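Notes for the one structure printed next.
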Amino acid sequence: QVNLVESGGGSVQAGGSLRLSCAASGASAIGNSMGWFRQTSEKEREGVAVIYSDPGSEIAYYDDSVKGRFIISQDSAKNTLYLEMNSLKPEDTAMYYCAAGGPRPPRQWRGDLYNIWGQGTQVTVSS
């Protein structure tokens, strides 16, 4: 059984930075797509950033709202996914979830097709 555990959330002021981590345990390879999604009580879950991996290649996808501010990366040796968030805005406030076992592009934003989810980590950005 694969487990995902997120960490790194917290409260920051607008313009600040946070780095989220998602540690995967229980498997050495957990599917082609891994990503970060976020959700608030007012909005449906939305995809933030996804990495699609094939042998020899790796492609990152970003939602338009975070392009140029967030960076997704992974350390395969550590089985860990990261999300570096810079220039944070109040509208980035949400519960952030790590997901794995996702589909190939162009369906990488289909959260319902991801097999494994973490418990979430809260990010709060104050103005």
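The figures here come from the full heavy-atom set of this structure, side chains too, leaving out hydrogens, waters and symmetry mates. On a predicted model such as this, the values are computed, not experimentally measured, just so you know.
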**Message:** Is there a side-chain contact between Trp36 and Cys98 in this structure, where contact means two heavy atoms from C-beta onward sitting under 4.5 Å apart?
**Reply:** yes
**Asked** With a 4.5 Å heavy-atom cut-off, do Thr93 and Val125 have their side chains touching?
**Response** yes
**Asked** Salt bridge between Asp92 and Lys89, side-chain N to carboxylate O under 4.0 Å?
**Response** no
Nearest-0.5 Å distance that lies between atom [atom1] in [X] and atom [atom2] in [Y]:
X      : Y      : atom1 : atom2 : value
Cys22  : Gln74  : SG    : CD    : 10.5 Å
Arg107 : Tyr114 : CZ    : OH    : 10.5 Å
Trp117 : Phe37  : CH2   : CZ    : 4.5 Å
Arg104 : Leu113 : CZ    : CG    : 13.5 Å
Leu88  : Thr124 : CG    : OG1   : 10.5 Å
Leu81  : Ser73  : CG    : OG    : 7.0 Å

**Prompt:** When the ring planes of Tyr96 and Phe70 are compared, do they come out parallel, tilted or perpendicular, using 30° and 60° as the limits?
**Reply:**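 Judged by the thresholds at 30° and 60°, the geometry between Tyr96 and Phe70 is tilted.
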**Message:** Regarding Glu91 and Ser65, do their side chains bring together a donor and an acceptor under 3.5 Å, going by distance alone?
**Reply:** no
**Message:** Is the positively charged end of Arg19 above the ring of Tyr82, judged by distance under 6.0 angstrom from the centroid and angle within 45° of the axis?
**Reply:** yes
**Prompt:** Considering all heavy atoms of both residues, which atom of Leu83 and which atom of Ala49 are nearest to each other, and what is their separation?
**Reply:**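 The answer is CD1-CB, 4.0 Å.
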